[in-house]
There are 2 protein chains.
Amino acid sequence: MQHTGATATGPGAPRAIPDATIARLPLYLRALAALAEQGLHTVSSGELADASGVNPAQLRKDLSHLGSYGTRGVGYDVATLRTRIGAQIGSTQQWSVVIVGMGNLGSALASYSGYAARGFRVAALVDASDALIGQQVRLEGNDPDVLTIQGDADLADVVRAAQPAIGIITTPAEAAQGVCDRMVAAGLTSILNFAPTVLQIPEGVVVRAVDLGQELQILAYHQQHAQIPADAVVDTDQATSGNGLPAAAEPATGSREEVLQ
Amino acid sequence: MQHTGATATGPGAPRAIPDATIARLPLYLRALAALAEQGLHTVSSGELADASGVNPAQLRKDLSHLGSYGTRGVGYDVATLRTRIGAQIGSTQQWSVVIVGMGNLGSALASYSGYAARGFRVAALVDASDALIGQQVRLEGNDPDVLTIQGDADLADVVRAAQPAIGIITTPAEAAQGVCDRMVAAGLTSILNFAPTVLQIPEGVVVRAVDLGQELQILAYHQQHAQIPADAVVDTDQATSGNGLPAAAEPATGSREEVLQ
DNA sequence: TCCTGTGAACTGGTTCACAGCA
DNA sequence: TGCTGTGAACCAGTTCACAGGA
């Protein structure tokens, strides 16, 4: 991991939130939104940690990096905490994204309805295929709720015009590096890459990669090495419902694998 | 992160590959496939590390966990290494997956054409909507290249019949926990969750989560805190092309953010 | 009493630097 | 000579455990 020159370790810079913490803030925000929707006004670290899938001590330490917004003996005020985390993460302002590659995945991401709620808007759609260029795409709840797919050749112009904060690459692997280079040249410094390839980028650009195949392979590894020595799966502290399988009905609170990290 | 009772620290168990290493093996495999395609027969740790976006020492240490398959003074044999990593990760056998939730994202994932190449096949598609149940979906290159969407009510039967190794959840957040519970009850122990919610699972089940919103928010954080003090972006060791923007044409080899952890 | 906030211990992971072999 | 393999140093992140405030 490497981020921008942002690690300003200057004398008067309290700006030092660990990367691992930052990756979890969206999780907390999501959990807080759910709690607020339930009408809750206060949460303890234990409750919020549970809802976020982390250890309570972890949660408290993470939040302590943002300042002291809890009340001892009581917990955290849901609304206040949402505001504080939101401010840190930048969800107070709206960020534009441009999506390059309007195949199955690109289209699916374009029509993702959760952008607005999280402070994002799709500003432009780009593809290289003549068959797609010029087509109009309807985006539920997006600011311009209809976007015209623009040509890959115009990518630089599109980026300069739309000034998106983030570029999303959903092209085939072969095209990804070229798209990335041109995004960077046009001034983009944050890229979300769904193409199964490693992007070479200059200093100062942040790339996050999501790869379905990689995720599946990691799960396959665990699957393969989950030796079932007659006690690994069944002999947990979970009740079994007589068919030798864990009961589904129960709350099933348990440990879980960390999210992406 | 938490995986199955697989951490068999028994006396004669050399089975101790760190999780962080496992998460990178698919990356190496991908890079090796690309190198093999280029006709390369041998790679040094430096070259492979470059192609995978990691530090050479990291790569060597990772590979050393699988055994010694390199030749000092020369490097690694591409074919051998592919085989070894493939064997570890389980890509020697084929794994079936079931996808639950055939909205935009589910459909996009279903028609992802990279499954076969990585040793996966889609065994079943499930959705709760009457409008979708019964519809046929064409899957390029999949074993049954046409699948009929099955009803959510039949999920347990579908899982028991298809015996998938991995369940993929692409339902709305509200439905995800229910689907997960029933998957687990039906015997699934590896789940890939795209729904923006934390799944509560019993011991012995491995969940990996991918959340678009979370990724965007992490990037937004970096974007917001990438103070541009007139020297953060431009004043790197990258050449500028006169327009004050980094040149796009150059190789742009540089540091990069780690892939997903 | 019950919770937060945090120093301190610990764990896991990364990088360095070099010994050792082709 | 040029590379791998790996102990040792280092660093980041997690968890513990408790002091201290509402």
Side-chain angles (χ1 to χ4, degrees), chain A residues 1-3 6-7 9 14 16-25 27-28 32 40-50 52-78 80-81 84-85 218 255-261, chain B residues 1-3 6-7 9 14 16-25 27-28 32 40-50 52-78 80-81 84-85 218 255-261:
Chain A
M1 236 250 230
Q2 163 269 351
H3 48 81
T7 323
T9 326
I17 304 181
D19 283 331
T21 294
I22 289 158
R24 281 186 297 266
L25 293 183
L27 239 48
Y28 303 151
L32 285 167
L40 282 254
H41 288 220
T42 306
V43 253
S44 68
S45 63
E47 292 160 343
L48 185 51
D50 235 47
S52 313
V54 304
N55 178 300
Q58 173 104 268
L59 176 85
R60 292 201 300 276
K61 179 136 291 188
D62 281 345
L63 295 186
S64 78
H65 287 120
L66 317 189
S68 285
Y69 301 114
T71 311
R72 297 179 184 214
V74 180
Y76 301 89
D77 180 73
V78 174
T80 313
L81 199 52
R84 298 316 295 172
I85 297 179
I218 294 170
S255 39
R256 61 202 69 78
E257 175 141 341
E258 188 39 38
V259 175
L260 283 191
Q261 214 59 297
Chain B
M1 234 250 230
Q2 162 269 351
H3 48 81
T7 324
T9 325
I17 303 182
D19 283 331
T21 294
I22 290 158
R24 281 187 296 266
L25 293 182
L27 238 50
Y28 303 152
L32 285 166
L40 282 254
H41 287 221
T42 307
V43 256
S44 68
S45 63
E47 292 160 343
L48 186 51
D50 234 48
S52 313
V54 304
N55 178 300
Q58 173 103 268
L59 176 86
R60 291 200 301 275
K61 179 137 288 185
D62 281 345
L63 295 185
S64 78
H65 287 119
L66 317 188
S68 286
Y69 300 115
T71 311
R72 297 180 184 213
V74 181
Y76 300 89
D77 181 74
V78 173
T80 314
L81 199 52
R84 300 316 296 171
I85 297 179
I218 294 170
S255 38
R256 59 202 72 78
E257 176 142 340
E258 188 37 38
V259 176
L260 281 191
Q261 264 21 289

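Numbers restart at 1 for each chain; the letters A, B, ... are given by sequence-line order, proteins then strands. It should be emphasised that the depicted structure is a prediction, and the values quoted were computed from it without experimental measurement.
Counting heavy atoms from C-beta outward, A:L66 and A:L25 have side chains that approach closer than 4.5 Å. The shortest distance between side-chain heavy atoms of B:Y76 and B:E47 does not fall below 4.5 Å. Looking at heavy atoms from C-beta onward, A:Y69 lies out of side-chain contact with A:L63 at the 4.5 angstrom threshold. Under the 4.5 Å side-chain criterion, counting only non-hydrogen atoms from C-beta, A:P18 is in contact with A:H65. Counting heavy atoms from C-beta on, the side chains of A:R60 and A:S64 never come closer than 4.5 Å. Contact check for A:D62 versus A:V54: no side-chain heavy atoms found under the 4.5 Å cut-off.
The CD atom of B:E47 sits 14 Å away from the P atom of D:dG2 (whole-angstrom rounding). Whole-Å rounding puts the A:D77 CG to C:dC3 P distance at 16 Å. C:dC2 atom C1' lies 13 Å from atom OH of A:Y76, rounded to whole Å. For the pair B:H65 NE2 and C:dG12 C1', the computed distance is 11 Å after rounding to whole Å. In this structure, B:R84 atom CZ and D:dG5 atom P are separated by 13 Å, rounded to whole Å. Separating the CD atom of B:Q58 from the C1' atom of D:dT4 is a distance of 16 Å, rounded to the nearest angstrom. The distance between atom CG of A:L63 and atom C1' of C:dT6, rounded to the nearest whole Å, is 13 Å. The nearest whole Å value for the distance from the CD1 atom in A:I22 to the C1' atom in D:dA12 is 13 Å.
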Contacts under 3.5 Å, N or O only, protein and nucleotides 18-22 of chain D:
| unit_1 | atom_1 | unit_2 | atom_2 | d |
| --- | --- | --- | --- | --- |
| D:dG20 | N3 | A:R72 | NH1 | 3.2 |

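OP1 and OP2 of D:dC3 both lie 4.0 Å or more from every side-chain N or O belonging to B:Y69. When the side-chain nitrogen and oxygen atoms of A:S45 are compared with OP1 and OP2 of C:dT4, one or more of them lie within a distance under 4.0 Å.
When B:I85, B:V78, B:D77 are each tested for a side-chain contact (heavy atoms from CB on, under 4.5 Å) with B:L81, only one passes: B:I85.
Applying the 3.5 Å distance criterion, the base of C:dT14 shares no donor-acceptor pair with the side chain of B:K61.
In the set C:dT6, D:dG5, D:dT4, C:dT6 carries the atom at the smallest distance from any side-chain atom of A:S64.
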